[in-house]
Amino acid sequence: MKALVDAALVGLARAGTPPADPDDAGERLVARAGEISAEKALLVRLGVQAVRARAGTVAAVGAERPKAAAPETRPLCSPALAAIVADLCAGKNKAILAEALLRMDQRGLRLPPQVLPALAELRAPALLPAVTQVAGERGRWLAEHNPEWRWLIDGVAAVSLAERKRAWEEGTPDARMSALRATRLTEPGEARSWIESAWKAEKATLREEMLAALSANLSASDQPLLEQALADRAAGVRAAAAKLLARIETSPLAARARARADETLAYTAPATGLFGALKSRLAGTSHGTLAVSPPAAFTPAWADDGLLEKPPAGTGERAFWLRQILSLVPPAHWERRFAATPESLVNAAVKTEWAEPVLAGWTDATVRNEARTWANHLWTARVAREEPEALRELAAIIFPMMDAAVVHETAAEIVGGGNPQAWNGILAAVPRPWSRALADAFAKALMRASTSTQLGWQEVSAWRAALDIAAPALPIATVDHLLVLDPPAPDTPAAALRNALDAFRSVLAVRKRIDQETRP
Amino acid sequence: VPLSADQIAALAPDAKALAAGKQSAAPRLWGALGRSEAAIWGECTGSAVYQVRVALDDLVAKCSCPSRKFPCKHSLGLLFLAAESPGRIPAGTAPDWVTEWLGKRNESAERKKQRAEKTADAAPPDPEQQAKRAEKRLARVLAGVEALELWLGDLVRTGVASVPPGDGVWSTQAARLVDAQASGLASRVRRLGYLPRSGSDWGERFADGLGHLALLVQAVRRLDALDAPLAADVRAAVGWTVDRDEVLASGERVSDEWAIVGQMVTADDDERFRTQRSWLRGMRGGRDALVLQFAAGTAPFPEALLPGMVLDAEMAFWPSAHPLRALVSERRGEMKPLTSRPGASAGPAGIDGLLERYARALGRQPWIERFPATLGAVVPALAGDPAGERFQVIDTDGRVVPLAGSAHWKLFAISGGHPIDLFGEWDGRSLLPLGALAEGGYHALTSGEPAA
């Protein structure tokens, strides 16, 4: 056969007619065709051999059979739920998928095997740990056969240190940074040594990013590297190093920052004793008083600690410097120095004429040092001061640190105000599922809006965003009346929300079905 | 109707209608739902209230909405609703708008039958005229074949490898064959043209295609000397068609409960034309049948054939030395889900048995391109490194065949290392899996879903 194929490819003119084996049955068949040209003979011989090759295929033997998957211990979910999960795997809304898997896990159910490849392909650690249980023994078996699916059973630590190191050395910028961040969580010293050895070769933007990775598990051992970075050519790198050094209490920079900040704040505790308390209540100083003295001039040496001299347009320089100075000091320092609670200090700060930069500086420091006790009080103070811009920035970083109940309560209040533009950026950070009070406030505001005759385009677009956020977040027990909500009348401004409302309702409907299919 | 979501999806004309259909299954949209022996129905609130009904025997749907897609999203929605929450569709007396439609359907089916009988009975319009036309066509085909043979001779004399890549000779030659009314030969030549330098073993595959084409050329020149069934195969491979009426009038008829074991839909480049290949297998007799259906754009395929269902029907086969292609000449009642290997009593279902049946079939009809394969109790396994995503199946005797294509993870997952029944197409080299039965449940493997 090989000789025939070669002759056809190279050409009879060059290869010549391959010899025929007279004992070969196929060749004898061709011979019966009688006198034909060499070309025609080759074509017919190819044909006979092609059919013989197909018909004569013999199966191989001796392949190894895979070990069978262990018997399942969990009952199968309903076919309807399996179909929903299959759709969710293919769709965009991964929050609902997480909810479905969580509910299935709580009920002790598992998915049928045919859904598992699409699920495993998602490689979404956010679905852990429920996904491992819901995938059952078959999921475990699949993960043992496909290294890409190891995450199903091993979780995030699936990637070994050696593999992460390789990703760090050879990967794309994104892969390098995620390998670095993952390693910093489990082997902080190792991660630091990677940065040290790569430091000189990398560009400023990457140096800055590498430093940011040190934020997790920060310790005094990181000090030498950070001191070196503090003398970096790039201002961004210097500022990033300063922020981190400020968090290491024993570092010279932290000591300098404390000394600098101590110059700016002085606190007087409220008077004690019956008479004193009454007097301070009358004066509105029951939380004590804070004296704020922002620096009058920028000391050039401050620049070495990452402070900037020039404020952005619209901000006064003294306020700008003050905010930066305070942001470099862990809030706990003030509790010790003034022997006062965060609540007292925040409330005292509100009363001063420099409230804005003080609160902003403390907020920055609270976020960087994850000072939980400060977060609630700062948030309350800023809500009271009606600073929507500041709140928007705060919400995403500060909500995860606050008590969920407090967040829900405050979010319900804001939603109750009825202006969707005020919630933009805030709702997304509210932990799920929402409280019933927040859900009710949202539903009420939505009903009002869908029948409103005065709805600007800005409000419409804010509502679109809000519906997107609310659909996976509303507790499922509260949505029945929203599912049957009448669509907005065609000639009202709310008609522009029709598509967004349809999408909102269909997400709710899917969640409702997940709920029904996972009821005991 | 015990249909699965996958099976309903196979009915959708396109991905958009499918997605909209799922949305339309929301119970809040539906009223006046009901079912009888013959149909399910309901009123769906969309932009207006639409009357939706689906006949249970062949799943043909009718909706009062103005959509030009068939079935429309409301009809699909009703099917999804019936599958998801059958409890919402109570048995009841069909309203007039359902019974009238069912009546009309019966009438038109009756008319069609009468028409078919009439054509079968009626003498051909003018036998002399027809014979003349046939003779003229044969002469044209033979002239085309003559030219093709000369060209093939040149090709092997100078060598296939000497044709520059991307050269137009293949399409030129194919176009000449179309002119000679030999479209089957034309598409074989066109496919040959894709092969050069298309992978490491292209020489082998090219020689295989070239050899089969050469045999066909020989056969068509000796058409008169061949047995009638084989002559019919040669004529079909060259491009003569036998239309449905002829098959209905004179084709071999086989009654059985036919399991739809595999289905594949392919679309031409601009998605204007879709071809559906369905493999059926007799539950009792183990006979294989291939039903080809064609549709323009998003039009539905005329016969509703859902993979994984069993259809009580009579099939009529096209004439052939190894008949495979068939049409449904009569269907009786609703489809039922497939739960066991069809034709289990008809013979062994190991790999050796498949290869032997294939060899015998090629002995009768050497141009079979896709051979139906039913394998019992095989275990799918990875062939080589998982990253290569290559698979094979192993039967109880330890025989192995490779699977065509790659990434058969769904099949692998379904089996979990346990034996399953597998349905697919065998081409002499590898098996293309189309469906599997595991733990009494059928899974479609190559998508019956519409292209997105």
Side-chain angles (χ1 to χ4, degrees), chain A residues 1 4-15 33 37-40 42-51 53-69 79-80 83 86-87 113-114 116-117 120-121 137-138 141-142 145-148 483-484 502 506 509 513, chain B residues 4-5 22-23 26 28 83-85 149 152-162 203-204 206-215 217-218 351-352 355 358-359 362-363 366 379 381-383 386-387 392 394 397-401 409-410 412-418 427-429 438 443:
Chain A
M1 184 70 189
L4 291 177
V5 174
D6 287 348
L9 296 189
V10 175
L12 275 180
R14 248 195 290 169
S37 71
E39 290 83 17
K40 206 189 254 184
L42 178 67
L43 286 165
V44 174
R45 284 168 77 190
L46 278 171
V48 171
Q49 296 301 351
V51 177
R54 284 197 188 200
T57 308
V58 177
V61 283
E64 203 181 322
R65 241 178 273 244
K67 210 177 101 219
D87 278 353
Q114 67 270 22
L116 298 179
E121 231 7 70
E137 290 298 332
R138 194 60 59 92
W141 182 85
L142 282 170
H145 283 90
N146 188 341
E148 304 253 301
L483 277 171
V484 293
D502 281 349
S506 71
R513 289 199 42 221
Chain B
S4 74
K22 281 182 182 168
Q23 302 272 317
R28 68 186 160 86
E84 281 161 10
S85 17
E149 201 173 11
L152 291 177
D154 285 347
L155 197 64
V156 294
R157 188 165 56 248
T158 54
V160 177
S162 69
E204 299 268 320
F206 190 92
D208 176 81
L210 187 62
H212 279 90
L213 180 60
L215 288 188
V217 166
Q218 294 305 309
I351 287 169
D352 278 350
L355 297 185
Y358 179 60
L362 284 183
V379 178
L382 272 160
Q392 55 193 7
I394 308 164
D397 299 328
R399 298 275 190 276
V400 188
V401 286
W409 291 108
K410 184 175 171 187
F412 192 60
I414 289 164
S415 101
H418 300 282
D427 67 356
R429 292 162 168 268
H443 301 273

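Residue numbering restarts at 1 for every chain, and letters A, B, ... go by the order of the sequence lines.
- Between chain B and the residues A:L483, A:V51, A:L4, the largest count of heavy-atom pairs under 4.5 Å involves A:V51.
- Counting all heavy atoms, side chain and backbone alike, A:N146 lies closest to B:W409 at ND2-CZ2, 3.3 Å.
- Between chain A and the options B:G363, B:G153, B:A383, the largest number of non-hydrogen pairs under 4.5 Å is found for B:G153.
- Contacts between A:A83 and chain B at a heavy-atom distance below 4.5 Å involve the side chain alone, from C-beta outward.
- Between chain A and the residues B:E204, B:K410, B:E84, the most heavy-atom pairs under 4.5 angstrom are made by B:E84.
- With sequence neighbours left out, B:Q23 forms a side chain to side chain donor-acceptor pair (under 3.5 Å) with no residue at all.
- The shortest heavy-atom contact between B:I414 and A:P113 is CA-CB, 4.0 Å.
- Taking CD from B:Q392 and CG from B:L382, the interatomic distance works out to 8.5 Å, rounded to the nearest 0.5 Å.
- Annotation: maximal heavy-atom pairing with chain B below 4.5 Å, among A:V58, A:V44, A:L116, occurs at A:V44.
- Taking the side chain as every heavy atom from C-beta outward, B:D397 and B:I351 never approach each other to under 4.5 Å.
- A:L46 and A:A8 get closest at one heavy-atom pair: CD1-CB, 4.0 Å.
- Per-residue heavy-atom pair counts under 4.5 Å with chain A were compared for B:S415, B:S162, B:A438, and the maximum is reached by B:S415.
- Note that the CD atom of A:E39 and the CG atom of B:L155 stand 11.0 Å from one another [nearest 0.5 Å].
- Contact annotation for A:R513: only side-chain heavy atoms (C-beta onward) come within less than 4.5 Å of a heavy atom of chain B.
- Taking the salt bridge (Lys or Arg N to Asp or Glu O under 4.0 Å) definition, one finds that A:D87 meets it with B:K22, sequence neighbours left out.
- Among B:G209, B:A26, B:G398, the residue making the largest number of heavy-atom pairs under 4.5 Å with chain A is B:G398.
- Neither the backbone nor the side chain of A:E121 comes within less than 4.5 Å of any heavy atom of chain B.
- Top candidate by heavy-atom pairs under 4.5 Å with chain A, chosen from B:E149, B:R399, B:H418, B:R157, is B:R157.
- Contact of A:A86 with chain B is not made at all, since no heavy-atom distance falls under 4.5 Å.
- In this structure, the portion of A:V10 lying under 4.5 Å from any heavy atom of chain B is its backbone and not its side chain.
- In this structure, the portion of A:L42 lying under 4.5 Å from any heavy atom of chain B is its side chain and not its backbone.
- Looking only at side-chain heavy atoms (C-beta outward), A:L43 and B:V217 stay at 4.5 Å or farther from each other.
- For A:R138, the part lying near chain B is the side chain, with the backbone staying farther off; criterion is any non-hydrogen pair under 4.5 Å.
- Looking at B:H212, the atoms closer than 4.5 Å to chain A (heavy atoms on both sides) sit in the backbone and in the side chain alike.
- Contacts with chain B were tallied for A:G56, A:A120, A:G11; A:G11 has the most, counting heavy-atom pairs under 4.5 Å.
- Nearest heavy-atom pair across B:D208 and A:A50 is OD1-CB, 3.7 Å.
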